[in-house]
Protein chains: 2
Amino acid sequence: MADVARAARVSPTTAARAIYNSGYVSEENRKRVMEAVEATGYRPNLQARSLRLQRTYTLGLILSSAKENPFYTHISHAIRTAASAAGFSMLTVNHSYSAEAEIAGIKQFLDHGVEAVILCHALDPRHLKPLIRSQVPIIQVERQDVEQAYSIAIDPLPGMVSAVRLLVEQGHQRIAFVGAKAPTAHEPSTPEQRRVDAFAIALEQCGLSVSDCPTVLGDYFPAAQDDDLPGFKLAEQLLSGPDARVTGIIAGSDILAAGILQAIYARGLRVPDDISIIGYDDSIAQFLSPPTSSIAQPYSAIGDAVVGFVEDVVADDAREIVREKRVTTALIARQSVGAAPKPRA
Amino acid sequence: MADVARAARVSPTTAARAIYNSGYVSEENRKRVMEAVEATGYRPNLQARSLRLQRTYTLGLILSSAKENPFYTHISHAIRTAASAAGFSMLTVNHSYSAEAEIAGIKQFLDHGVEAVILCHALDPRHLKPLIRSQVPIIQVERQDVEQAYSIAIDPLPGMVSAVRLLVEQGHQRIAFVGAKAPTAHEPSTPEQRRVDAFAIALEQCGLSVSDCPTVLGDYFPAAQDDDLPGFKLAEQLLSGPDARVTGIIAGSDILAAGILQAIYARGLRVPDDISIIGYDDSIAQFLSPPTSSIAQPYSAIGDAVVGFVEDVVADDAREIVREKRVTTALIARQSVGAAPKPRA
DNA sequence: TTGAAAGCGGTACCAT
DNA sequence: ATGGTACCGCTTTCAA
């Protein structure tokens, strides 16, 4: 930048003003500076700027692992896109259920001076203490692991109601929900639980009998590589038990749906002829056989909401900002839902 | 850090030496400084350090989009993990086939002063010029889009030979390869082409007749949301044409395999009873029905190789460093391969 | 062994 | 409207 100033024969101060468009600069000088910028190929140094301005234009994102759950691929893509459009860079930490990884990642965030941290899935909220101590704003998506944070709440109900209604319209009366137990229990209400609850409410709204519609819950924790998927085991259990007469299954995630489809496939049944399936997340649903209907998360709305929070937070510190935004789910219909079959056996 | 020095009643210089373990510091002072560090909760400021040292400990990663192809999820996870273990942070750009996104991302890298850029899939190599001008080392994975770069070459042959051999052992004689055309053609040899070539070589090594084993190539470019998958269309084409007698299909990616399985499913055929399938990448193969065999990329070896390059590069600038490392593929066997059926029809 | 001072590349205050 | 100067937090000569 000294080079630019010299080439334009002005002081560094003036050069800075011209470049940053701040304060008074004469038209002539502005032009000379701009030319000098071109000539020298000047690029502002973000490190120096950050140091002086105490801003880094960087955000941190914590998620478990896109590897085990493609849902995180979508959410991180959406958030990244929105952040990027707003001029922020993103540092990402996939903790993959390793405490060390999460702790190291948070240290990394602190070192880089991220202006906010976005929490899609914390392994252990206690790891976040250093962030809170350092006053880094935290924005949590779907989960509510930590008190002192902004939240984006995702309402599962609209999508769930559409899903149940679609099945009912096709003549289904016995519908199962195959979901996940909350992996950990440091929050009052987990997304897992809310999905289960939404299923119950949706049943009621659609006039189905709860006793005909079982809920099966299992561990969500990723299966070891090449073990049977959790959804496979749960579906096996369901289909070999007393509730085998269900004609439709709603899964708590697309990953679960994938496993359920494998179990159905293994039994030689067909979707949707023998049984209808609806997933949740709309992450890999389009890749399954048959292409599977799924309750979609509003990814880009989430990304926008996150960045909205970030901008509010960096703008005014302690102002009255809404602490929670709500977004909603919707059903994406594909080929995995059909008319209910006549009772089998 | 001034605080630390004051609390320990030494000069900032001495405090720095104690913290960074460099130069001479008396035992007593060292102890006092360490205590002061604890007491004040001091954390070094990376911005300042970067500015002074002209190092950022940050890398850039460019890929198209993990959203459209889960392969990138795995590769970025592996690279991120290795980088993190070596003390580097990562900035990621998903260009999603948008030139603007790629250009903006590269600008972001330059602003942040990344020490190297890892290239999994560049949209347009011309966008990389600014990096080259700024002497940022580029490490490319699998592809070779740019001359002045280090490369990690992935040899498809071992995995491909295992795949063909497995099919042959199960009695298959007519095997198709369903692959992708190279999306762009700015390199001498694309991974897509190398996979096709590897298939031909593998056939020969296993003594199969090339005329019985068709190769079908289509556009890899992601289908619009809820369009039929590319693999679906290609499989439709294959199975309704003169080559419908194939009993095994090797796909050029798991995404293609997913579409192929959908086409097979739609026809009411069963895998592996009627036809055997092997995917490539081992990205979502475990989620498909049935769990699908796949030629796996050596993800963690790739991550290690990338970081190895980075460390070499930052260590000595213009030293003689190997410019290419090679890694290799291997077959992961699951349930999508079985004995060849008797000729149909 | 320790400390003072300069400087990395910018920005902002205060004079002029 | 413009320039001088101090300073962001840390590292590194150089002298003591």
Side-chain angles (χ1 to χ4, degrees), chain A residues 1-37 39-58 87 89 107 109-115 134-135 314, chain B residues 1-37 40-58 87 107-115 134-136 314:
Chain A
M1 150 145 232
D3 298 345
V4 174
R6 207 174 309 118
R9 286 171 305 157
V10 296
S11 74
T13 309
T14 305
R17 279 197 274 252
I19 292 168
Y20 196 64
N21 268 327
S22 78
Y24 299 101
V25 183
S26 72
E27 206 41 57
E28 188 192 326
N29 276 341
R30 153 162 288 119
K31 191 174 297 174
R32 281 227 302 283
V33 170
M34 288 327 204
E35 282 166 8
V37 166
T40 56
Y42 167 80
R43 301 193 57 75
N45 177 313
L46 192 64
Q47 268 72 43
R49 227 164 166 255
S50 294
L51 182 59
R52 183 68 238 237
L53 259 28
Q54 308 288 36
R55 291 207 49 186
T56 58
Y57 305 95
T58 303
S89 302
K107 183 166 161 0
F109 288 169
L110 249 14
D111 286 347
H112 282 269
V114 296
E115 298 188 18
S134 301
Q135 315 254 35
V314 301
Chain B
M1 150 147 231
D3 299 344
V4 174
R6 206 173 312 116
R9 286 171 304 156
V10 297
S11 73
T13 312
T14 305
R17 277 196 275 252
I19 292 168
Y20 197 63
N21 268 327
S22 76
Y24 299 100
V25 183
S26 71
E27 206 38 58
E28 189 194 325
N29 276 341
R30 152 163 288 119
K31 191 174 298 173
R32 281 225 304 284
V33 170
M34 287 328 205
E35 282 165 10
V37 166
T40 57
Y42 168 80
R43 300 193 58 75
N45 178 313
L46 192 64
Q47 268 72 42
R49 207 150 189 271
S50 293
L51 182 59
R52 181 67 234 238
L53 258 28
Q54 307 288 36
R55 292 206 50 186
T56 57
Y57 305 95
T58 303
K107 184 168 162 356
Q108 205 178 77
F109 288 170
L110 249 15
D111 286 347
H112 282 269
V114 296
E115 298 189 20
S134 301
Q135 315 254 35
V136 180
V314 300

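Sequence lines set the chain letters: A, B, ... in the order given, protein chains first and strands last, and positions in each chain run from 1. All values reported here derive from a predicted model rather than from experimental measurement.
With hydrogens and angles ignored, a donor-acceptor pair closer than 3.5 Å exists between the side chain of A/T13 and the base of D/dG4. The base of D/dG3 lies close enough to the side chain of A/R17 for a donor and an acceptor atom to sit less than 3.5 Å apart.
Looking at A/S22, its side chain never comes within 3.5 Å of a backbone N or O of A/R17 through a donor-acceptor pair.
Using a 4.0 Å heavy-atom distance criterion, B/R55 is classed as making no nucleic acid contact. Among the protein residues, B/S26 comes within range of the sugar-phosphate backbone only, with heavy atoms under 4.0 Å from sugar or phosphate atoms but none that close to a base. Using a 4.0 Å heavy-atom distance criterion, A/P12 is classed as making no nucleic acid contact. When heavy atoms are screened at a 4.0 angstrom cut-off, A/Q54 is found touching the sugar-phosphate backbone but no base atom. Using a 4.0 Å heavy-atom criterion, one finds that B/R49 contacts the sugar-phosphate atoms exclusively.
With respect to the salt-bridge test (charged N to carboxylate O, under 4.0 angstrom), the residues B/E28 and B/R32 qualify.
Rounded to an integer number of Å, the gap from A/D111 CG to D/dG9 P is 15 Å. Rounded to whole angstrom, the span from the CD1 atom of B/I19 across to the P atom of D/dC10 amounts to 8 Å. Atom CG of B/L46 and atom P of D/dC8 are 18 Å apart (whole Å). Between A/M1 atom CE and C/dG10 atom C1' there is a gap of 7 Å when expressed in whole angstrom units. B/L110 places its CG atom 16 Å from the C1' atom of C/dG9, with the value rounded to the nearest Å. Atom CG of A/L53 and atom P of D/dA6 are 20 Å apart (whole Å). As rounded to whole Å, 8 Å separates atom C1' of C/dA6 from atom CZ of B/R52. Across the protein-nucleic acid pair, A/H112 atom NE2 and D/dG9 atom C1' stand 16 Å apart, rounded to whole Å.
B/K31 is not listed as a side-chain neighbour of B/M34, based on a closest heavy-atom distance of 4.5 Å or more. With contacts defined as side-chain heavy-atom distances shorter than 4.5 Å, the pair A/I19/A/P44 does not qualify.
Dashed line: the shortest gap from a side-chain N or O of B/S11 to OP1 or OP2 of C/dG3 is under 4.0 Å. Contact annotation: B/N29 side-chain N/O to C/dT1 OP1/OP2 distance is not under 4.0 Å. Taking only side-chain nitrogens and oxygens, B/Y20 never comes nearer than 4.0 Å to OP1 or OP2 of D/dG9.
Among D/dG3, D/dC10, C/dG9, the nucleotide with an atom closest to any side-chain atom of A/A48 is C/dG9. For B/Y24, the listed nucleotide lying nearest its side chain is C/dT2; candidates were C/dT2, C/dC8, D/dC8. Taking only side-chain atoms of B/N45, from C-beta outward, the nucleotide of D/dG9, C/dG10, D/dG3 with the closest atom is D/dG9.
Atom CZ of A/R43 has more than 12 heavy atoms from other residues, nucleotides or ligands within 6.0 Å.
In terms of heavy-atom proximity, B/D111 sits nearest to A/Q47 at O-OE1, 4.3 Å. Of all heavy-atom pairs spanning A/L51 and B/A48, the tightest one is CD1-CB, 3.8 Å.
Rounded to the nearest 0.5 Å, atoms OG1 (B/T56) and CG (A/L46) are 10.5 Å apart.
In terms of position along DNA chain C, the nucleotide closest to B/E27 lies nearer the 5' end than the nucleotide closest to the other residue of the pair B/E27 and A/Q47.
When the local axes at the two ends of the helix from C/dT1-D/dA16 to C/dT16-D/dA1 are compared, using 5 base pairs at each end, they differ in direction by 50° after rounding to 10°.
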